[in-house]
Amino acid sequence: MLQLLPDYCLQRHNTLAIKAVAREFAEIRSVADLRDALKYANSRRLPLLALGGGSNIVLADDFPGLALHIQLSGREVIDENDEFVWLRVGAGENWQRTVDYCLNFHFWGLENLSLIPGSVGAAPIQNIGAYGVELKDLFAELQAMEVTSGVLVNFDRDACEFGYRDSVFKGRFRDRYIITSVTLKLRKEPKLVLDYPALRQALEGITADAITPELVSQTVCDIRRSKLPDPAVIPNAGSFFKNPVVSGAELARLKARFPDIAAFVLGQDSAKVAAGWLIERAGMKGVSRGKVAVHDQQALVLTNPGEGSGKDLLALANEVVERVQSIFGISLEMEPRVYL
Ligand code: FAD
Ligand code: NAP
């Protein structure tokens, strides 16, 4: 039975620990709950906020509608052949617990995506990626409920239009669907991806046959713990900005002025510039502004150690954007979804 809680503080539901209040809040534990909640919100014209772990959102103000904490659970092998298993996972399952589950059952492929916070249902929204692997590499399909009609729809890989930290759910279909489950296509034999520099470096000296998926996962966890602030200790939302993509000509222009710029060629005429490098060079690494700060180990991460507001964070983010723009002529784009 759907239970609606009025004036609900979302501090525990976002990893920046912002004290925004939702007009109403509900836990969604079944597809029937979700349908009821959508009917309720539609009949009152309430805006909706789908919440997983709240690790990729900035609540810049109180939310004037219904926040739905998606708790749909369950993991089930729905098909297999000699090479692959297809694992359907409820949208509310925790991502890292799902990675651990797969390692335990020897369903391989998620190793490099270890220790990313949040839920399985949010993973397709920005096609989560780390250490050279993206969700799309392991993705088979997802099921989602259309907000206006309550109809369940399946999306295959092409339909999700995955891009770099991007999908159709951040663009054309933003706020149009709530994801209810994700089906992953995982390997029965490991196929390790070890070319990401930090990972390669950490595994240096270990013989190839000793490098197992479990070791890769553990190594990724170790690197992440050594570099990234734990949101439970220092509230943050991971990378606050996307790595900007520039043309070949633009990269040449930048390299002439900044020969040591951290950039990675993507295709014939495009390159990805490390946003963290730009922010550090702009002199913003480690700066604090009142209750919020740019992390002193990783400039891409903004933190909220002093229980600042969403507006405090956005003011700092704007200062970073302006500094980077004035020095490099590059416009940084925020990665988390901002709710104004
Ligand atoms: P939320 O923050 O709850 O939601 C994010 C967006 O998705 C919101 O717009 C929300 O409405 C929507 N949404 C959530 N669930 C659903 C659903 N079921 N249906 C429809 N819409 C939904 N990201 C990476 O890609 N790679 C990383 O390596 C990485 N590392 C991180 C490290 C740290 C310390 C932190 C704090 C974040 C990191 N992130 C990373 C960002 C974040 O963890 C991911 O984007 C994650 O997938 C967000 O999951 P969530 O459940 O917390 O989403
Ligand atoms: P890092 O290893 O210090 O590298 C800095 C940046 O350079 C990364 O953003 C990465 O891009 C890019 N990069 C490095 N080597 C590359 C290569 N060989 N080819 C292409 N791009 C390369 O990064 P980090 O901050 O410690 O993060 C490690 C991984 O975890 C990265 O993949 C990062 O995306 C992911 N992560 C993401 C978040 C988030 O919130 N989105 C938070 C923490 C970590 P990519 O980002 O494209 O990989």
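Computed over heavy atoms, backbone and side chain alike; hydrogens, waters and symmetry mates excluded. Order of listing sets the numbers, starting from 1, for every ligand and every atom in it.
What sits closest to atom 23 (N) of ligand 1 on the protein, heavy atoms only, is Gln126 NE2, 3.1 Å. Atom 39 (N) of ligand 1 has its closest protein heavy atom at Ile116 CG2, 4.2 Å. The protein heavy-atom contact nearest to atom 13 (N) of ligand 1 is Ala50 O, 3.9 Å. The shortest contact between atom 17 (C) of ligand 1 and any protein heavy atom is with Ile179 N, 3.8 Å. Atom 46 (C) of ligand 1 has as its closest protein heavy atom Pro117 O, 3.5 Å. Atom 1 (P) of ligand 1 has as its closest protein heavy atom Gly54 N, 3.5 Å. Shortest contact from atom 15 (N) of ligand 1 to any protein heavy atom: Ala122 CB, 3.8 Å. The single protein non-hydrogen atom nearest to atom 28 (O) of ligand 1 is Arg224 NH1, 3.0 Å, given as residue, atom name and distance.
Every atom of ligand 1 is numbered from 1 in the order shown, and the set under 4.0 Å from a heavy atom of Ser55 is 1 (P), 2 (O), 36 (C), 37 (C), 41 (C), 42 (C), 43 (O), 46 (C), 48 (C), 49 (O), 50 (P), 52 (O). Proximity to Ile57 (heavy-atom distance under 4.0 Å) selects the following atoms of ligand 1: 2 (O), 4 (O), 5 (C), 8 (C). Listed by atom number, the atoms of ligand 1 under 4.0 Å from Ser119 heavy atoms are 49 (O), 50 (P), 51 (O). Contact atoms of ligand 1 toward Gly118: 49 (O), 50 (P), 51 (O), 52 (O) (distance under 4.0 Å to a heavy atom of the residue). The Ile178 neighbourhood of ligand 1 comprises atoms 19 (N), 20 (C), with distances under 4.0 Å to a heavy atom of that residue. Taking every heavy atom of Gly129 and a limit of under 4.0 angstrom, the matching atoms of ligand 1 come to 24 (C), 25 (O), 26 (N), 27 (C), 28 (O). Listed by atom number, the atoms of ligand 1 under 4.0 Å from Ala237 heavy atoms are 35 (C), 36 (C), 37 (C). Of all atoms in ligand 1, numbered sequentially from 1 with element shown, those under 4.0 Å from a heavy atom of Tyr177 are 20 (C).
A donor-acceptor contact shorter than 3.5 Å links the side chain of Asn42 to the backbone of Leu38. Of the possible polar contacts, one joining the Thr15 side chain to the Asn236 backbone as a donor-acceptor pair under 3.5 Å is found. In this structure, the side chain of Asn127 engages the main chain of Leu135 through a donor-acceptor pair within 3.5 Å.
Remark: ligand 1 and Asn236 share no N or O pair separated by less than 3.5 Å (distance only, no angle test).
The local environment of CZ in Arg253 is crowded, with over 12 non-hydrogen atoms from other residues, nucleotides or ligands closer than 6.0 Å. Heavy atoms from other residues, nucleotides or ligands lying under 6.0 Å from CZ of Arg200 number more than 12.
If you look at Ala144 next to ligand 1, there are no close heavy atoms at all, none under 4.0 Å. Of the heavy atoms in Asn127, none comes closer than 4.0 Å to ligand 1. The part of Ala130 lying near ligand 1 is the side chain, judged by heavy-atom distances below 4.0 Å. With a heavy-atom cut-off of 4.0 Å, Tyr339 touches ligand 1 through its side chain alone.
When the side-chain contact (heavy atoms from CB on, under 4.5 Å) test is applied to Arg225, the partners found at least two apart in sequence or on another chain are Leu115, Gln218, Cys221, Asp222.
Ligand 1 does not have Phe169 within reach: every non-hydrogen atom of the residue lies 4.0 Å or more from it. In this structure, His13 has no heavy atom closer than 4.0 Å to ligand 1.
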In residues 261-274, what donor-acceptor pairs under 3.5 Å come from side-chain atoms, sequence neighbours left out?
unit_1	atom_1	unit_2	atom_2	d
Asp269	OD1	Gly248	N	2.9

Anything under 3.5 Å between a donor and an acceptor, one on a side chain of residues 103-111, the other on a protein residue two or more places apart or in another chain? List them.
unit_1	atom_1	unit_2	atom_2	d
Trp108	NE1	Lys188	O	3.4
Glu111	OE1	Gly109	N	3.4
Glu111	OE2	Gly109	N	2.7

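We find that Asp62 and Arg23 are not joined by a salt bridge, their nearest charged nitrogen and carboxylate oxygen being 4.0 Å or further apart. Using a 4.0 Å cut-off between charged nitrogen and carboxylate oxygen, Glu335 and Lys242 do not count as a salt-bridge pair. In this structure, Arg75 pairs ionically with Glu93, as a charged nitrogen and a carboxylate oxygen lie closer than 4.0 Å. Looking at Lys136 and Asp158, no side-chain N of the basic residue comes within less than 4.0 Å of a carboxylate O on the acidic one, giving no salt bridge. The pair Arg157-Glu141 fails the salt-bridge criterion, with no side-chain N (NZ, NE, NH1 or NH2) lying under 4.0 Å from an Asp/Glu carboxylate O. A salt bridge links Arg337 to Asp175: at least one charged side-chain nitrogen sits closer than 4.0 Å to a carboxylate oxygen.
Here atom 47 (O) of ligand 1 lies nearest to Ile128 when heavy atoms of Asn112, Thr15, Ile128 are compared.
Using the six-membered ring where Trp is involved, Trp277 and Phe258 have ring planes that are perpendicular, over 60° apart on the 30 and 60° scheme.
Checked by atom type, the side-chain pair Ser217/Glu214 shows no donor-acceptor distance below 3.5 Å.
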message = Set out, in order, the CA-CA distance, both residues' side-chain angles and the distance that settles side chain to side chain donor-acceptor pair (under 3.5 Å) for Glu24 and Tyr40, then state yes or no.
response = CA-CA 11 Å; Glu24 294 189 78; Tyr40 176 83; 2.9 Å; yes
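For Phe25 and Phe63, the ring centers are positioned 6.0 Å apart or more.
Protein residues having at least one heavy atom under 4.0 Å from any atom of ligand 2 are Gly129, Ala130, Tyr131, Tyr164, Arg165, Tyr196, Pro197, Arg224, Lys227, Leu228, Gly238, Ser239, Asn243, Phe264, Lys272, Gln298, Glu335, listed by chain and number.
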